Amino acid sequence: MNYLSIEQSINILPPEFKNIVKCPGRRPIYSSSMGNLYFRGSKDFGYKHKTWWYSIDPEVIKSERIAYIVLAADAKGIFLIPSSIFFAYRHRHPVGAVKGGREDFTILRNDNRYIRHEAKCEDEDITRYFISNPENLVNVVK
């Protein structure tokens, strides 16, 4: 992995996220005072059309009542995406599917902005959901 671990991502969450505990099972789902969290991570691909790429199963988000999707963006920080924003984007756009019912979630860094960028969809600025990594958490899991 070339991105922040779940523990490092948890350390970046805002202080109102308390009592974070791993939920039973293999999925990276944790309960918290702010609702269930679903963790994913991505290295920096450095492509013109893709900085970070995630594969997310919308059925898991729905069935596990996920409140926030936490996306580690290599060592730069995390995106804290409310599930309502995730589903609203899906309803407005034909998001690309990958195997197993999962869907693409691609983020493009454009100067100091972070853009959700999917083929055949309108770009959407998600900068407000980004939380930068404090300097004391520079090491990523390798």
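Only heavy atoms go into these numbers, but all of them, side chains included; no hydrogens, no water, no symmetry mates. Please read all numbers here as calculations on a predicted model, not as lab measurements. One-based numbering along the sequence shown.
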Least distance between heavy atoms, G35 atom then A67 atom: CA-CB, 3.9 Å
Pair Y68 + Y38: ring centers closer than 6.0 Å: no
Non-hydrogen side-chain atoms of F79 and V70 separated by less than 4.5 Å: no
Criterion side-chain contact (heavy atoms from CB on, under 4.5 Å) on I107 and W53, from CA distance to verdict: CA-CA 6 Å; I107 300 173; W53 176 81; over 6 Å; no
Any donor-acceptor pair under 3.5 Å from D111 side chain to R113 backbone: no
Atom pair NE2 (H49) and NE2 (H117), whose distance is rounded to the nearest 0.5 Å: 7.0 Å
Close side-chain approach of I12 and I78, heavy atoms under 4.5 Å: yes
Any residue meeting side-chain contact (heavy atoms from CB on, under 4.5 Å) with S42, in chain and number order, not counting sequence neighbours: F45, W52, Y54
For the student: nearest non-hydrogen atoms of N133 and L4, plus distance: ND2-CD2, 3.7 Å
Joint cluster assignment, L80 & I85, ILVMFWY side-chain distance < 4.5 Å: no
Side chains of I115 and I126 in contact at under 4.5 Å (non-hydrogen atoms): no
Heavy-atom neighbours of K62 NZ exceed 12 at 6.0 Å: no
Of all pairs that satisfy side chain to side chain donor-acceptor pair (under 3.5 Å), the ones with a partner from residues 83-95, not counting sequence neighbours: R90-E103, R92-E124
Closest heavy-atom pair and its distance - F86, I81: N-CG2, 4.2 Å
CG-CG distance between L13 and L37, expressed to the nearest 0.5 angstrom: 6.5 Å
Contact summary for S9 and F39, nearest pair of heavy atoms: CB-CE2, 3.8 Å
Check: L108 and Y47 side chains under 4.5 Å, non-hydrogen atoms: no
Electrostatic pair E16:K18 at N-O distance under 4.0 angstrom: no
Nearest non-hydrogen partners of P28 and I6, listed with the distance: CB-CD1, 3.9 Å
Flag side-chain contact, heavy atom, 4.5 Å: R116 against V95: yes
Any I56 side-chain heavy atom under 4.5 Å of D104 side chain: no
Output field: ring centroids F130/Y114 closer than 6.0 Å: yes
Pairs flagged by salt bridge (Lys or Arg N to Asp or Glu O under 4.0 Å) wherever residues 26-45 is involved - sequence neighbours left out: R27-E64, D44-R109
T127 backbone acceptor or donor facing D125 side chain under 3.5 Å: yes
Gap separating the CD1 atom of I131 from the CG atom of L71, nearest 0.5 angstrom: 11.0 Å
Exam field: side chain K22 to backbone G25, donor-acceptor pair closer than 3.5 Å: yes
F87 atom CZ, over 12 foreign heavy atoms within 6.0 Å: yes
Interatomic distance, I20 atom CD1 to N36 atom CG [nearest 0.5 angstrom]: 11.5 Å
Cluster link M34 to I66, ILVMFWY, side chain under 4.5 Å: no
